[in-house]
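Here's the structure we're looking at; comments come further down.
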Amino acid sequence: MSDEDVMPYARFDSVEGLLQRGRGLGAVRALQDPLAAAPFVYDGLRRDWRWDSLDDRACYLAGLVRDLGLSLAPVVGLLAGDEAQCRRTVDVLELLALDGDDEAREALRSYVREGTHWVHVLESVSAVWPLEWWEDLGEVARARIGGEPEPPWFTEPWARFGIEVQRPAPGPAPHDLTGLAVDELLDLLAGARPGAGSKIEALRELSRRDPDEGLIPLVPSLVTPDGRRPLPLLRRAVDRLGALAVPAARRWAADEREWLARLGSDVLADHLGPEVIPVLVAELADQWRTRAWCGPDATARRLARFGPAASEAVADLRRFWLRTPHSYERAAYLEALAAIDPGGLDYAHTESLWDCEERARLLGVAHAPDHPASLERIAALRDDPMETPDVRAGAEARLAATTSPCSP
């Protein structure tokens, strides 16, 4: 999903819109009226409402199917869709199988025997299921692999079945630059050491070293051949410079080259003092005005370091948290709100216990109030076989701290 005009989202405060965005409140309200919510859950399985591929929905949707007691038949039917729809459906079904749903497990095993995209399905389940759930499919795999246009790429499960996998053609061996001094790496970036290694390799090595101001005058020249983007790893190398890059960043920020101006502005936003707050507040306001769903999380993180002094950003941070379809960024808005204006966030942290994003659920686990409903949900996360290891561990630690006799 990348164009709101192609698949317009429902209102952010409706059950349909909340579920499309993966909000925790959507799951809570769906549980209150499963019959009314069921069509929206099935729609979320059928269509990809993620704004970006970084957004997560598999655990969220699997949990809804389970907790609402929905029929699995419409979900299994989606395996017959195109490859993208099949992959999304596999992600949900394999989690439901881990939760003990035999119908989900057998649906995927049957698909390996007969389905079109069976290679991906077998690779996917072999990565998350116990060995005994899929090892007996080796005979099926050996019989079907000959009908594929080319051998698979991944080692497992194919090596276990004695099936040949593709070996990528070896590319040129990277240069080992670990023995070069910083001055030599800078010479390579300046073009003074032809054949000694690529500029990207030099930037990678510089990113591992102590910061050196010698990189600063070279930054404007470290651009892709089309002149539109910085070389890969340049930003990481500049980040290592920290405040040393601020004087030059003031010049970069005024440069007519868009990529360099953006880099300069980012350095200033990361390292200047409170004088940059109005600039960041204005940037966030402009991002909201233009509905720039990708990127405001970085602005939010920069504002968060100023705490209450950035209070003018609170309204827009709340708007983004409530409305963004780019669920991956939602946790950054909540973290910024907690740093700037922490009062009244109990509801947001509690809702986050049902959020589609792992980072948001972790925030909920850490900060939701000790109310019975919150603790019950945290206990469910701890015991949920579909949950991520980090969320389960975080939930266990929170409950242990809550029940400890030494707890305040």
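This is a predicted model, so every value here is computed, not measured.
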- Side-chain ion pair, E16 and R11, N-O less than 4.0 Å: no

- Query: Salt bridge check: are D266 and R302 linked by an N-O gap of less than 4.0 Å?
  - Reply: yes

- Dump the intermediate steps for side-chain hydrogen bond (donor to acceptor under 3.5 Å, both in side chains) on E148 and W118, then the final yes or no. CA-CA 10 Å; E148 294 299 307; W118 71 278; 2.9 Å; yes

- Item | Set of side chain to side chain contact (heavy atoms under 4.5 Å, CB included) partners for D99, sequence neighbours left out | R66, D384, P385, M386

- Note on the structure: Between V219 and L260 the two heavy atoms that sit nearest each other are CG1-CD1, 4.0 Å

- Test item: side-chain donor near acceptor, W158 and E123, under 3.5 Å: yes

- Any donor-acceptor N or O pair under 3.5 Å, side chains D390, T388: no

Spell out, as yes or no, whether a donor-acceptor pair under 3.5 Å connects the side chain of [X] to the backbone of [Y].
X: S327; Y: D55; result: no
X: E156; Y: S126; result: no
X: R382; Y: A393; result: no

- Within 45° of the axis and under 6.0 Å from the centre of the six-membered ring of W321, does NZ or CZ of R23 qualify? yes

- Using the six-membered ring of W133, assess whether NZ or CZ of R105 lies under 6.0 Å from its centre and within 45 degrees of the ring axis. yes

- Can you say whether the rings of W51 and Y9 are parallel (under 30°), tilted (30 to 60°) or perpendicular (over 60°)? tilted

- Task: Just jot down the ring pair (Phe, Tyr, Trp, His ring centres under 6.0 Å) partners of Y333, sequence neighbours excluded, or say none.
- Result: F320

- Residue list, salt bridge (Lys or Arg N to Asp or Glu O under 4.0 Å) with R87, at least two apart or on another chain: E83

